[in-house]
K.L.:
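Below you will find the structure I want to go over with you.
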Amino acid sequence: MTMVPYNPSTIEEKWKARWKDMGIFEVDIAGTRPFYCLVEFPYPSGEGLHVGHTRSYTALDVVARKKRMEGENVLFPMGWDAFGLPAENFALKTGRHPAETTEKNIARYREQLQSLGLSFDWSREVSTIDPSYYKWTQWIVTKLFDTGLAYKKKTQVNWCTSCNVVLANEEVEGGVCERCGGEVIGKEKEQWMLEITAYAQRLIDDLDQVSYPARVKKQQIDWIGKSKGALIQFSLQNTDRTIEVFTTRPDTLFGVTYLVLAPEHPLVKDIVVEDKKDEVSAYITQTRKKSQQERIAQGDIKTGVWTGSYASHPATGEALPVWIGDYVLMEYGTGAVMAVPAHDQRDYEFAHAYNLPVRPVIESDNTPQNEAYEGEGTLINSGEYSGKTSQEARNTITKDFGEEKVIYKLRDWVFARQRYWGEPMPLVFCVTCKEQIEKGDTEGRTQGEIRNPGWMSVTQEQLPVILPDIKEYKTTEDGESPLARVDEWVKTTCPRCGGAAQRETDTMPQWAGSSWYYIRYIDSQNNTSLGKKELLDKWLPVDWYNGGMEHTTLHLLYSRFWHKFLYDQGVISSPEPYMKRTSHGLILGEGGEKMSKSKGNVINPDDIVKEFGADALRLYILFIGPFEESIPWNNNGLIGMERFLKRVWNLYQTVSFVDKGDGTIESETQKTLKKVSHDIDALKYNTAIAALMSLFKIYEEKKNEISKESAKLFLLLLSPFAPFIAEELWETVCHETNSIQKSEWPSVDEKKIQTEQVTIAIQVNGKMRGTVTVPPASNEDVVWEEAIQQKQVALYIEGKDIKKKIFVKDKILNIVL
RNA sequence: GGGCAGGUGGCGGAAUUGGUAGACGCGCUAGGUUUAGGACCUAGUGUCCUCGCGACGUGAGGGUUCGAGUCCCUCUCUGCCCACCA
C-alpha cells in the first residue's frame with residue numbers, strides 16, 4: 001500500500017462539498033427532540049473574521065455535532081448583524097453605498113465560516129439589513145410604541161464639531177472624535193426612548209429561571225441596580241414649591257444640613273435668587289462643558305454653588321440652604337439629594353469644601369478624621385427618634401415624613417441614532433392628530449399615541465418602511481439624520497386621518513436587530529408573522545447560547561427585555577430567551593495584549609487554514625486553554641496540532657486493524673470516551689483533546705493490536721473536534737459509506753473500564769515513599785503486606801512505632817509514626 | 001473607590017474537588033535518521049546539592065489536618081468590568 005500524505009486542503013474541499021450536497025446540517029424544524037444551539041452572529045466588518053470568532057463558533061460546533069450524533073435534532077444557525085457604523089463611516093469616506101460593502105463582507109464571512117467546517121444550517125441564514133427581516137424588527141417597535149413603552153425625550157447626543165456628525169458613545173475617545181480628533185460637544189435632541197425600566201424587576205427576578213455564569217447574573221443585577229429607600233419632600237421657603245429627594249438612609253434625616261440639586265434640575269431656574277443668577281448660570285455652563293471623562297478624572301473634588309434659597313427641614317423646620325452641584329446626577333433618583341455630611345462621604349467632601357455644617361446623628365465608636373461614618377448604628381441628636389436603631393428609624397421616619405420607593409440605576413434605552421445605516425423607525429407624525437389628542441379627543445387611540453401626541457405607528461400593511469437609497473451620508477447641520485434630507489421619503493400620509501404627515505427620520509440603534517434574531521432563525525422565511533407560533537413554542541427558549549462577556553449588560557439585557565415584551569404580547573410562550581449562557585474568553589495577541597489592527601498583531605484565520613488546515617486550527621483554538629479565560633495566541637501551538645493530525649493520518653494509512661484487539665486499548669478507549677463526553681458538556685475542550693492525544697499514544701505503542709472497533713471509536717471521538725480528517729479516514733480506511741456525522745455517539749461500556757490493577761501511593765508521615773500495584777478494592781491488610789516489601793518504605797518505618805495507618809481504598813496508604 | 005476573576009516549570013496549561021503536583025501541547029537538550037523541512041524517531045527536561053532509598057517546591061506568611069495547589073486567617077501582585085447611583 002503506498003501511503004498518501006496528509007493533505008488537509010484536499011480533504012477539506014472534498015468534505016465541504018459533500019456536506020453541502022447532503023444537506024447534512026439542515027435541521028428538521030418540524031421534528032422531535034429539538035436542541036437549539038446558538039452563537040452570537042457577527043458584524044461583517046471589512047477586516048474579515050477574527051480568530052476570536054472561531055473560538056466561540058468552534059466550541060458550540062463541537063456541541064452541535066455531538067448532540068446530532070446523540071440523536072438530537074439540532075438547530076445551529078448563522079446570520080449577520082449587518083447595520084452599523086463602520087460601513088457608514090466607510091461610505092462617508094468613499095461614497096460607496098453601505099449595502100454594497102456590507103454584501104461583499106458578508107460573502108467573505110460566509111466563505112470563511114464554511115472553510116472552518118462549522119456545521120451551520122445555512123438554509124436559515126438571516127441578515128438584519130434585509131427588508132424581509134427588518135420588517136419584523138419594525139413590527140416589534142410598532143407594538144412597543146402602541147403599548148406605550150416608547151416615548152420621546154430630550155437627551156444629549158455627541159456632536160463632532162469638525163465632522164459635523166452625531167457620534168455614538170463608542171466613537172468618542174477621551175472627549176474627542178475617534179476619527180478626526182475634533183472637539184465633541186453635547187447637543188440636545190428629542191429622541192425616542194424605550195422604557196426598559198418597566199421590566200427592571202422582572203429582569204432581575206427571572207434570572208432564577210436560567211443558567212448563566214454567576215458573574216453574568218451578578219453583572220446584570222448590579223447594572224439594573226435596585227435600591228430601596230424613601231422619597232421625602234422639603235418645602236422651599238417663601239414659595240409653595242417643594243423639592244423631592246430620594247434617599248436610602250432616611251434614618252439620617254436629622255443630619256441633613258443642606259440640599260443639593262443637579263445642575264439640570266428643572267427647579268433651578270425658579271429658585272435662584274436675583275443676585276446669585278450670574279454665578280449660578282456660569283456654573284451651569286461650566287459643568288455642561290465638562291466631559292464625562294473630566295468629571296471622573298476629578299474624582300473627589302466636589303464643586304457647586306449656592307442658589308441663595310432655603311428649604312425647611314420637615315421635622316425641625318430648620319432652614320437648609322439649597323445648593324447646586326454636579327456630583328448630583330439628574331438621571332438618578334429625583335435629581336436632588338438631602339445632604340448628610342456626617343454620614344455620606346460625598347456630602348462630607350462637599351460640606352468641607354464650602355464650610356457647611358456637619359451634624360452626626362448615628363453613634364459611632366471611632367469616627368476617623370476627615371471621613372463620614374457610613375455605617376449603621378444608634379440614632380443620636382434626632383429628637384424623638386434618638387436611641388432607635390437605624391433599622392427601626394428607617395421605617396418610622398419613612399412613614400412619618402415620606403413614602404417608600406424603589407429605584408433602579410438602569411436607564412431607559414435611547415432608541416434612536418441620527419444616522420443613515422440602520423432600520424428606519426416605523427413611526428409618523430401628524431399635526432392634525434396632535435391637535436385632536438391635545439384637545440382631549442383620545443377615542444380609539446393607542447397608549448403610545450396618547451403618550452406622544454401626534455405620533456403613531458404605521459400599519460402592518462405598510463411594513464417594512466424601506467430605507468431609501470441616498471448619496472449623501474452626512475448628518476444635517478442641525479444634527480438630524482441624513483434621511484431628513486430625503487423629502488419625498490419624509491412626506492407621507494397619516495395612517496389615521498389620511499392627512500399630510502412626516503416620517504421619523506432617526507434610525508434604530510445597532511442593538512435593535514440583534515435583540516430578536518434568534519427567534520427569526522426558527523421560521524426565517526415567514527412573511528406573515530415573526531414566526532409560526534407552534535414552531536416558536538417548540539424551539540424557544542434557546543438551549544445553549546454562547547457569546548462575549550462584553551454583551552452582558554447591553555445585548556443580553558436588551559434581548560431579554562424584548563423577549564419578555566413579546567411574551568407579554570402573546571407572540572411567544574417562554575418568559576426567557578436563553579436557558580443556558582456561556583462566555584468565551586478573549587484571544588489575545590502573542591504578547592498578551594489585545595489584538596488590534598493598530599498593533600498589527602491580528603491573526604487571520606484564512607492564513608492559518610491555508611497553512612495548517614481547518615482541523616488543526618479547530619483543535620488549537622479549543623486546546624489553547626480554559627474556554628472562559630483570555631489566552632494569548634501562539635503560532636507554535638498549531639504545529640503541535642498539525643503533528644498530532646499527521647500521526648493519526650499516518651497510523652490509519654499504514655496499520656491493518658485486527659478483529660480482536662488488545663485489552664488495554666479497549667479499556668483506555670472507553671475511559672477516554674467517558675472523559676471526552678463529560679468534557680464536551682462542561683466546555684473543557686483542552687482536557688478532552690489532551691485525553692485523545694494520550695489515548696493515541698497508546699494506539700501507537702500497540703499499533704498492531706488495535707481492533708477495528710477501537711479504530712472506529714477513536715474517529716468518532718475525534719470527529720466533533722476535527723471533522724474533516726475523521727470523515728476522510730472513516731470513509732477511506734474504515735470503509736464506512738455513511739457520513740461519520742450520521743453515526744451514533746457511542747455509549748460508555750463500564751465493564752471494559754474495570755482494570756485489573758490499581759496503583760496505590762504509600763506515604764510515611766504524609767510523604768510519598770513508594771507505590772504498590774494491587775487488584776482493585778484490595779483491603780488495607782493486602783496493601784500493607786505489599787507496602788512493607790518495598791525497600792524504601794521498610795527503611796523509613798524500621799524500628800519506629802506505628803501510631804496509626806490511614807487507608808483510602810484504591811488511593812493511598814499513609815503510615816503515621 | 002467598588003465588584004469579579006486569577007497567581008502552579010522557560011511558555012500555554014493539567015490535577016478525578018483534601019489523597020502520587022506538573023497530564024497534554026510548545027520550547028529546550030542529547031542521540032539517531034533523512035535527497036535539508038517549522039521533517040521524523042528515541043530518550044531527557046520543576047529547583048538545589050554531597051546525585052540519593054536525598055532535600056526543597058504551586059505569589060508571601062501563618063493555621064487546620066495523618067495528608068493542603070485545593071480549606072481557614074493575614075498580606076501582596078496581576079487582569080477584566082463598573083465607577084460621584086444619594
Side-chain angles (χ1 to χ4, degrees), chain A residues 213-216 218-219 222-223 225-227 229 245-249 252 260 292 295-296 298-302 325-329 331-340 343-347 349-350 407-411 549-550 552-553 585-586 588 590 592 594 611-612 619-620 623-626 628-644 646-647 650 675 678 684 686-694 696-697 759-771 790-796 803-808 810-817:
Chain A
R215 56 181 173 151
V216 171
K218 184 170 185 343
Q219 216 173 304
D222 289 352
W223 185 261
K226 181 180 182 172
S227 299
V245 306
F246 173 77
T247 178
T248 52
R249 292 298 300 275
T252 62
V260 190
Q292 204 71 4
R295 281 205 186 188
I296 294 166
Q298 274 188 345
D300 293 342
I301 303 162
K302 304 275 181 290
D326 68 359
Y327 80 98
V328 177
L329 308 172
E331 307 88 61
Y332 185 72
T334 60
V337 303
M338 55 177 228
V340 185
H343 303 293
D344 182 286
Q345 188 58 22
R346 294 154 304 180
D347 296 342
E349 283 159 16
F350 191 85
I407 62 165
Y408 301 91
K409 284 184 202 168
L410 183 69
R411 309 283 152 79
M549 264 318 274
E550 71 276 18
T552 298
T553 51
L586 291 175
L588 306 168
E590 298 220 36
K594 257 191 180 172
E611 254 186 278
F612 298 94
L619 281 179
Y620 176 62
F623 184 72
I624 192 166
E628 308 224 314
E629 270 159 51
S630 297
I631 315 271
W633 178 266
N634 180 359
N635 251 325
N636 278 332
L638 279 157
I639 295 171
M641 300 304 124
E642 193 192 28
R643 278 180 197 156
F644 171 64
K646 265 188 199 165
R647 274 162 50 206
N650 291 343
K675 177 158 180 61
H678 170 267
K684 295 177 78 175
N686 50 340
T687 51
I689 292 168
L692 283 172
M693 287 173 162
S694 300
F696 189 72
K697 273 191 190 168
T759 308
I760 291 182
I762 307 299
Q763 296 181 338
V764 178
N765 279 343
K767 288 216 190 302
M768 258 294 290
R769 296 302 176 193
T771 59
Q790 302 246 334
K791 219 173 155 189
Q792 58 269 53
V793 177
L795 198 79
Y796 276 97
K803 260 204 206 142
K804 60 174 162 176
K805 289 180 270 184
I806 310 260
F807 179 69
V808 182
D810 291 348
K811 286 225 164 108
I812 201 160
L813 175 68
N814 189 9
I815 301 155
V816 185
L817 303 175

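Every chain is numbered from 1, with letters handed out A, B, ... down the list of sequences.
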K.L.:
Who pairs with A/Glu550 by side-chain contact (heavy atoms from CB on, under 4.5 Å), at least two apart in sequence or on another chain?
P.N.:
none
K.L.:
With sequence neighbours excluded, tell me which residues meet salt bridge (charged side-chain N to carboxylate O under 4.0 Å, His left out) with A/Arg249.
P.N.:
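Salt bridge (charged side-chain N to carboxylate O under 4.0 Å, His left out) check on A/Arg249 returns A/Asp251.
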K.L.:
Which letter, B, S or -, goes with each nucleotide of nucleotides 30-41 of chain B from 5' to 3', with contact meaning a protein heavy atom under 4.0 Å?
P.N.:
--------B-SS
K.L.:
With the sugar-phosphate defined as primed atoms, P, OP1 and OP2, and the base as all remaining atoms, what B/S/- string results for nucleotides 10-19 of chain B, 5' to 3', for protein heavy atoms under 4.0 Å?
P.N.:
--BSSS---B
K.L.:
Quick one: list whatever passes side chain to side chain donor-acceptor pair (under 3.5 Å) with A/Lys811, sequence neighbours left out.
P.N.:
none
K.L.:
Restricting to side-chain contact (heavy atoms from CB on, under 4.5 Å), what partner residues turn up for A/Thr759, sequence neighbours left out?
P.N.:
A/Thr771, A/Thr773
K.L.:
Dump the pairs, protein N or O against N or O of nucleotides 51-59 of chain B, anything under 3.5 Å, distances to one decimal.
P.N.:
none

K.L.:
Could you spell out the base pairing of RNA chain B as a dot-bracket line? Use Watson-Crick and G-U wobble contacts where both distances are under 3.5 Å, [ ] for crossing pairs, | for partners on a different strand.
P.N.:
(((((((..(((......[....)))((((((.......))))))((((..).)))..(((((..]....))))))))))))....
K.L.:
Go through the structure and list residues passing salt bridge (charged side-chain N to carboxylate O under 4.0 Å, His left out) with A/Glu629, not counting sequence neighbours.
P.N.:
none
K.L.:
Using 4.0 Å as the upper bound for N to carboxylate O, is an ion pair formed by A/Arg647 and A/Glu642?
P.N.:
no
K.L.:
Could I get the full list of ring-ring contact (aromatic ring centres under 6.0 Å, His included) partners for A/Tyr408, not counting sequence neighbours?
P.N.:
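Partners of A/Tyr408 by the ring-ring contact (aromatic ring centres under 6.0 Å, His included) criterion come out as none, since no residue qualifies.
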K.L.:
Each nucleotide N or O in nucleotides 42-46 of chain B that has a protein N or O under 3.5 Å away: list the pair and distance.
P.N.:
none

K.L.:
By side chain to side chain donor-acceptor pair (under 3.5 Å), which residues pair with A/Lys805, not counting sequence neighbours?
P.N.:
none
